[in-house]
Amino acid sequence: MTAAGPTAPVGVVLGTHLSPDQTARLAALAEELGFHELWLPEDYFFTGGISSAATALAATHRIPVGLGVVSAITRHPALLAMECSTLANAYGNRLWPGIGLGAPPALRRMGLKIEHPVEYLREYVRGVSRLLSGEEITESGRFTFGDVRLAYPSPSLPPVFMGAIRAKALQLSGEIADGTVLGSMSSAPFISWAVEQVRHGRVRAGRPVEGHRFPAFSFLCLRSDRAHARAALRPVLAPYLKIVGEAGWPYTEILGIGEEIRALRSVDRIAHEMPDAWIDEFAIAGDAEDCAHQINHLLDAGATSVALFPVPFEEAHSTLSLAADELLPRVRMSERHGDLSEEP
């Protein structure tokens, strides 16, 4: 196994379809192989984001570990700030907080709903950032802070990420966050559009256009036969396509395929009838040369890193090892992508 160079802008996503008992082992492997960053999603009701991040941090020594992302609706911002500062102090400030609203279908199952989500996120993310910096907050708004100050704020303020999909939330991320997590259905056209929305927000807030991070998640199936790789991805992508297609999210609407997905109706039909072109937009499939080309395409669209979710899930260990040997050396770096290995 060959470790990738420290500037390779390729990370790994762990969680959801990978059981918790695999987190420590795969996190340690990803660091050993030279992947740039780890991301741990909180996907209800699969794996917890904070507990998974703690597991990954305990199993590693150098690699940054991102929350990608945790819901602002299920925790008071003071509690999330406390959890993040605890992990930052315990593990050398390697935790990257990532905050979003969460998947609406899962939130509905818990009876959770908010009004005015963009303003809700604005207050939430600002509250977390202020507490992590050591500030004491006393105020009442959507959240009540009564003389709240963390006993152990972050040793230095980490980059705070937002998870966002729609235009207003992306623009908010540009205004108040340091990075935007682009989820696992992020095609190159979606990334380009999302980057532009974030830039609008940064300009509106008087912030420099450059410097914002855009980690993009993508499913990876590394196979010598691209047709076999695509076939393995069909049952993985289909449930996601059904959710985002029915919701009319920009992932599918930007590509002009929302109506086609909604017409297919069922996960089984989507899995069997989706054209190969959809798979190539929403995932990375094929041999090392194919996959490197697709990663470079996402980087050229504006992603600052690409975090890979290996498929089939039961072959994650071997897929990551093969990717380190054959895929990462082929990923092109350019000055625009930058050296993301520097300490935040």
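- Between Arg75 and Ile50 the shortest side-chain heavy-atom distance falls below 4.5 Å.
- Residues Ile73 and Met110 fall within the same hydrophobic cluster, defined by Ile, Leu, Val, Met, Phe, Trp and Tyr side chains chained together at heavy-atom separations under 4.5 Å.
- A donor-acceptor pair shorter than 3.5 Å can be found between the side chains of Gln22 and Ser19.
- With rounding to the nearest 0.5 Å, the separation of NE2 in His212 from OG in Ser173 is 3.5 Å.
- Interatomic distance, His200 NE2 to Leu170 CG, rounded to the nearest 0.5 Å: 10.5 Å.
- The main-chain N or O of Phe217 is never found under 3.5 Å from a side-chain atom of Ser184 such that the two would form a donor-acceptor pair.
- By the 4.5 Å heavy-atom criterion applied to side chains, Cys84 and Leu67 are counted as neighbours.
- In this structure, the separation between CD1 on Ile63 and CG on Leu33 is 9.5 Å, given to the nearest 0.5 Å.
- No single ILVMFWY cluster, assembled from side-chain heavy atoms under 4.5 Å apart, contains both Phe46 and Leu26.
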Could you give me the CA-CA distance, side-chain angles and deciding distance for Leu172 and Val125, then say whether side chain to side chain contact (heavy atoms under 4.5 Å, CB included) is met? CA-CA 10 Å; Leu172 175 65; Val125 173; over 6 Å; no
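- Using a 4.5 Å heavy-atom cutoff, the side chains of Leu322 and Leu327 are not in contact.
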Would Val69 and Ile99 satisfy side chain to side chain contact (heavy atoms under 4.5 Å, CB included), going step by step from the backbone distance to the final call? CA-CA 5 Å; Val69 296; Ile99 303 165; 5.7 Å; no
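- Counting only residues at least two apart or in different chains, side-chain hydrogen bond (donor to acceptor under 3.5 Å, both in side chains) contacts with residues 261-270 comprise Glu253-Arg262, Glu259-Arg262, Arg269-Glu273.
- Placement of Tyr152 and Val160 in two distinct hydrophobic clusters is found when ILVMFWY residues are connected by side-chain heavy-atom separations under 4.5 Å, directly or transitively.
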Applying side chain to side chain contact (heavy atoms under 4.5 Å, CB included) to Val195 and Arg199, what does each step give before you reach the verdict? CA-CA 6 Å; Val195 168; Arg199 286 178 175 164; 3.6 Å; yes
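- For the pair Val331/Pro9, a side-chain contact is recorded, criterion being any heavy-atom separation below 4.5 Å from C-beta on.
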Intermediate values then yes/no, salt bridge (charged side-chain N to carboxylate O under 4.0 Å, His left out), Arg122 and Glu175: CA-CA 9 Å; Arg122 184 188 302 277; Glu175 289 182 42; 2.9 Å; yes
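- Using cut-offs of 30° and 60° on the angle between ring planes, the pair Tyr251 and Trp249 is perpendicular.
- In this structure, Tyr124 and Met162 have side chains that are not in contact, with every pair of non-hydrogen atoms separated by 4.5 Å or more.
- Within the 4.5 Å cutoff, side-chain heavy atoms of Ile114 are placed close to those of Leu101.
- Note on Val118: it clusters hydrophobically with Ile165, by side-chain heavy-atom contacts below 4.5 Å among ILVMFWY residues.
- Minimum interatomic distance between Ala167 and Trp193 (heavy atoms only, all atoms of both residues): N-CH2, 3.7 Å.
- Put simply, the side chain of Glu123 gets close to the backbone of Arg142: a donor and an acceptor are under 3.5 Å apart.
- Atom-to-atom distance recorded for Leu80:CG and Thr74:OG1 is 8.5 Å, nearest 0.5 angstrom.
- Judged by distance alone, with hydrogens and angles left aside, the side-chain atoms of Thr180 form no donor-acceptor pair with the main-chain N or O of Phe214 at under 3.5 Å.
- How far CD1 of Ile261 is from OG1 of Thr252: 5.0 Å, rounded to the nearest 0.5 Å.
- With hydrogens and angles disregarded, no donor-acceptor distance shorter than 3.5 Å links the side chain of Asn89 to the backbone of Pro155.
- Scanning all heavy atoms of the two residues, the minimum distance from Asn93 to Ser154 falls at OD1-CB, 3.9 Å.
- Tested against Asp276, the residues Arg226, Glu281, Arg230 include a single side chain to side chain contact (heavy atoms under 4.5 Å, CB included) partner, Arg230.
- The six-membered or imidazole ring of Phe219 lies near that of Tyr240, with a centre-to-centre distance under 6.0 Å.
- The two atoms that bring Ala303 and Ile191 nearest to each other are N-CG2, 3.6 Å, heavy atoms only.
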I'd like to know whether Phe282 forms a side chain to side chain contact (heavy atoms under 4.5 Å, CB included) with Leu233, so could you lay out the CA-CA distance, the side-chain angles of the two residues, the decisive distance to 0.1 Å, and finally the verdict. CA-CA 10 Å; Phe282 294 115; Leu233 285 161; over 6 Å; no
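- Contact annotation: the side chain of Trp96 approaches that of Glu37 to within less than 4.5 Å [non-hydrogen atoms, C-beta and beyond].
- Put simply, the side chain of Glu42 never gets that close to the backbone of Val70: no donor and acceptor are under 3.5 Å apart.
- Side chain of Ser129 to backbone of Arg126: no donor-acceptor contact under 3.5 angstrom is found.
- Looking only at distances, a side-chain donor or acceptor of Glu31 sits under 3.5 Å from a matching main-chain atom of His61.
- Panel note: side chain Thr47, backbone Asp43; no donor-acceptor pair is recorded below 3.5 Å.
- Nearest heavy-atom pair, Ala27 versus Leu38, reported as atom, atom and distance to 0.1 Å: CB-CD1, 3.6 Å.
- Residues Leu298 and Ile284 have side chains in contact (heavy-atom distance under 4.5 Å, counting atoms from C-beta outward).
- Residue Gly174 comes nearest to Arg202 through the heavy atom pair O-CG, 2.9 Å, listed as atom of the first residue, atom of the second, then distance.
- Val267 and Trp278 fall into different hydrophobic clusters, defined by Ile, Leu, Val, Met, Phe, Trp and Tyr side-chain heavy atoms under 4.5 Å apart, directly or through other members.
- Crowding of Arg25 atom CZ: a count of heavy atoms from other residues, nucleotides or ligands under 6.0 Å exceeding 12.
- Between Trp39 and Phe161, the ring planes lie perpendicular to each other; the angle is over 60°, past the 30° to 60° tilted range.
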Quick one: do Asp290 and Arg223 satisfy salt bridge (charged side-chain N to carboxylate O under 4.0 Å, His left out)? Show the steps, please. CA-CA 10 Å; Asp290 293 329; Arg223 291 283 187 274; over 6 Å; no
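- Between Ala288 and Leu222 the shortest heavy-atom distance is N-CD1, 3.7 Å.
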Start with the C-alpha distance between Asp287 and Arg330, add both sets of side-chain angles, then the distance that settles salt bridge (charged side-chain N to carboxylate O under 4.0 Å, His left out), and finish with yes or no. CA-CA 11 Å; Asp287 63 19; Arg330 291 178 164 87; over 6 Å; no
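- Note that CZ of Phe190 and CE of Met185 are 11.0 Å apart. Values are rounded to the nearest 0.5 Å.
- The main-chain N or O of Gly49 is never found under 3.5 Å from a side-chain atom of Ser52 such that the two would form a donor-acceptor pair.
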Side-chain donor-acceptor pairs of residues 143-151 under 3.5 Å, sequence neighbours excluded:
| residue | atom | partner | partner atom | Å |
| --- | --- | --- | --- | --- |
| Asp147 | OD1 | Thr138 | OG1 | 2.6 |
| Arg149 | NE | Glu136 | OE1 | 3.4 |
| Arg149 | NH1 | Gly134 | O | 2.8 |

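- Ring planes of His293 and His297: parallel class, angle under 30° (limits at 30 and 60°).
- A distance-only check finds a donor-acceptor pair linking the side chain of Tyr120 to the backbone of Ala72 [under 3.5 Å].
- The only option from Ile295, Val10, Val311, Thr319 that meets the side chain to side chain contact (heavy atoms under 4.5 Å, CB included) definition with Leu220 turns out to be Thr319.
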